[in-house]
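Heads up: numbering here begins at 1 and tracks the sequence. Ligands are counted one by one from 1 in listed order, and the atoms in each one are counted from 1 as well.
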Amino acid sequence: MRPLIIPFFIPHAGCPHTCLFCDQHLISGEQAALPSAELIAATVEEWLARSPGRPAEVAFYGGSFTLLPQSRQQQMLQAVLPFLATGRVHGVRVSTRPDALDTATLDFLAAHQVRTIEIGVQSLNDEVLQRTGRGHSGQQALEAIQRVAGRDFAVGAQLLPGLPGDTKAKALDSLQGVLAAGAHFIRIYPAVVLAGTGLARLYQQGSYCPPDLEQGTQLCAALLREAARAGCPVIRIGLQADDGLVSGQTILAGCWHPALGHLVKDELFFELVLRLSEQLPTADPVLVHCHPQRVSEVRGHGNRNLQRWRQAGIAVSGVQPDPLLDQHHVRLEALTFCFSGSWLTTY
Ligand code: SF4
């Protein structure tokens with residue numbers, strides 16, 4: 001059963017930086033002050049009551065948790081302790097910057113039963129980090145992941161491909177770097193230009209253009225494939241579709257779609273069938289078989305893969321579930337031939 005994540009957003013709180021791409025108020029959809037201990041306790045009770053029996057975690061997202069005054073961190077973490085003590089909540093996770101995770105900070109978090117730390121790495125490339133005003137180096141991010149992974153924490157790395165100065169090769173290098181440093185899971189947020197940010201100024205001046213939906217989807221697909229090859233889960237692709245992001249005024253440009261994760265997985269199957277079809281001896285219609293849980297991704301969001309294959313001259317007559325296939329495989333069948341392959345290994 002997937003854990004219930006009870007999120008508290010701490011927009012921009014604790015953060016003295018102004019990264020070019022960031023407006024945590026817009027991203028979280030909240031303008032409120034930090035949650036009080038009372039609010040945290042009441043909210044956790046409410047969420048637990050709505051999902052009885054489901055394993056739950058409390059998450060403090062947004063901002064840079066460990067840059068808050070320690071008394072405020074303590075206040076929020078202590079509000080969760082009674083739930084941890086009774087086993088009603090199984091863990092606490094926080095997100096923060098790579099340069100806000102020294103040994104004393106990790107000691108403090110461990111003492112307050114934080115189990116998961118998500119690090120906003122964004123990129124490991126120093127030029128990209130410098131151009132986006134991150135204020136730390138790639139090496140610092142690597143060392144932070146190693147330091148956290150070397151303790152009894154789960155560590156996640158957030159990557160933000162497509163920032164100024166970034167390329168597909170640099171984004172893949174960043175992914176390989178965080179995997180080698182010991183990240184246990186990844187989040188991928190392709191660059192979007194939010195109104196009111198430094199990135200928006202560059203975009204409006206014409207000196208920066210983020211990957212569009214198609215480019216970003218392909219970039220995320222390449223990253224997802226590499227992470228999967230390394231056995232590292234990608235737990236999120238793209239920003240959440242909350243009110244602040246679907247108003248139509250917040251995002252000026254970039255790779256955003258409410259079902260971006262679906263589009264990215266579609267892309268892997270689209271490309272796989274395209275590659276396998278190069279071996280087809282005839283133009284006969286083919287039936288594509290896949291794991292039952294992957295049928296929707298193989299067909300594509302709104303059947304877009306079926307349409308794209310047709311446009312590419314591949315006559316796919318349908319998509320059939322086959323529980324014997326693994327989650328990455330497809331098998332193409334027609335009257336006289338059969339090919340199979342996996343997006344992990346075929347291309
Ligand atoms: S460090 Fe994080 S919260 Fe602070 S400005 Fe940068 S992205 Fe936003």
Side-chain angles (χ1 to χ4, degrees), residues 7-35 59-70 72-73 76 93-102 105 109 114 116-145 147-148 155-166 171 174 178 183 186-203 208 210 236-240 242 244-245 250-256:
F8 293 92
F9 290 100
I10 47 168
H12 221 82
C15 183
H17 299 273
T18 318
C19 300
L20 215 53
F21 52 85
C22 175
D23 187 328
Q24 284 291 340
H25 291 294
L26 288 177
I27 288 174
S28 70
E30 292 193 9
Q31 303 283 341
L34 292 173
F60 294 101
Y61 288 144
S64 297
F65 189 82
T66 56
L67 287 180
L68 287 168
Q70 208 166 74
R72 292 296 285 122
Q73 295 179 51
M76 288 190 277
R93 54 176 67 205
V94 301
S95 66
T96 195
R97 287 171 54 90
D99 54 357
L101 284 166
D102 61 16
T105 301
L109 295 176
V114 172
T116 304
I117 299 176
E118 300 199 22
I119 305 178
V121 173
Q122 325 308 4
S123 171
L124 290 178
N125 183 275
D126 284 339
E127 184 203 341
V128 175
L129 293 171
Q130 193 268 330
R131 286 179 63 177
T132 47
R134 284 290 290 170
H136 65 77
S137 66
Q139 185 59 30
Q140 280 175 289
L142 282 179
E143 288 170 6
I145 295 169
R147 205 159 39 245
V148 177
V155 55
Q158 300 177 12
L159 295 174
L160 213 163
L163 290 169
D166 203 13
S174 295
V178 300
I186 307 287
R187 289 178 190 263
I188 303 172
Y189 297 112
V192 292
V193 178
L194 298 179
T197 61
L199 215 49
R201 280 193 300 283
L202 291 186
Y203 174 69
Y208 167 68
R236 175 84 210 166
I237 300 175
L239 294 171
Q240 296 275 7
D242 69 13
L245 285 177
T250 304
I251 294 180
L252 302 183
C255 176
W256 188 80

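- Counting atoms of ligand 1 from 1 in the listed order, those under 4.0 Å from a heavy atom of Arg97 are 1 (S).
- Residues Phe8 and Phe60 place their aromatic rings such that the two centres sit under 6.0 Å apart.
- Applying the side-chain contact (heavy atoms from CB on, under 4.5 Å) rule to Thr18 yields no partners; only residues at least two apart in sequence or on another chain are considered.
- The closest approach between Gln122 and ligand 1 stays at or above 4.0 Å for every heavy atom of the residue.
- Residue His17 approaches ligand 1 through these ligand atoms, each under 4.0 Å from one of its heavy atoms: 5 (S).
- Partners of Ala59 under the side-chain contact (heavy atoms from CB on, under 4.5 Å) rule, at least two apart in sequence or in another chain, are Ile5, Tyr61, Arg93.
- Metal site remark for atom 6 (Fe) of ligand 1: Cys19 contributes an N, O or S atom at a distance under 2.8 Å.
- Annotation: side chain of Ser123 is not in contact with side chain of Arg131 (no heavy-atom distance under 4.5 Å).
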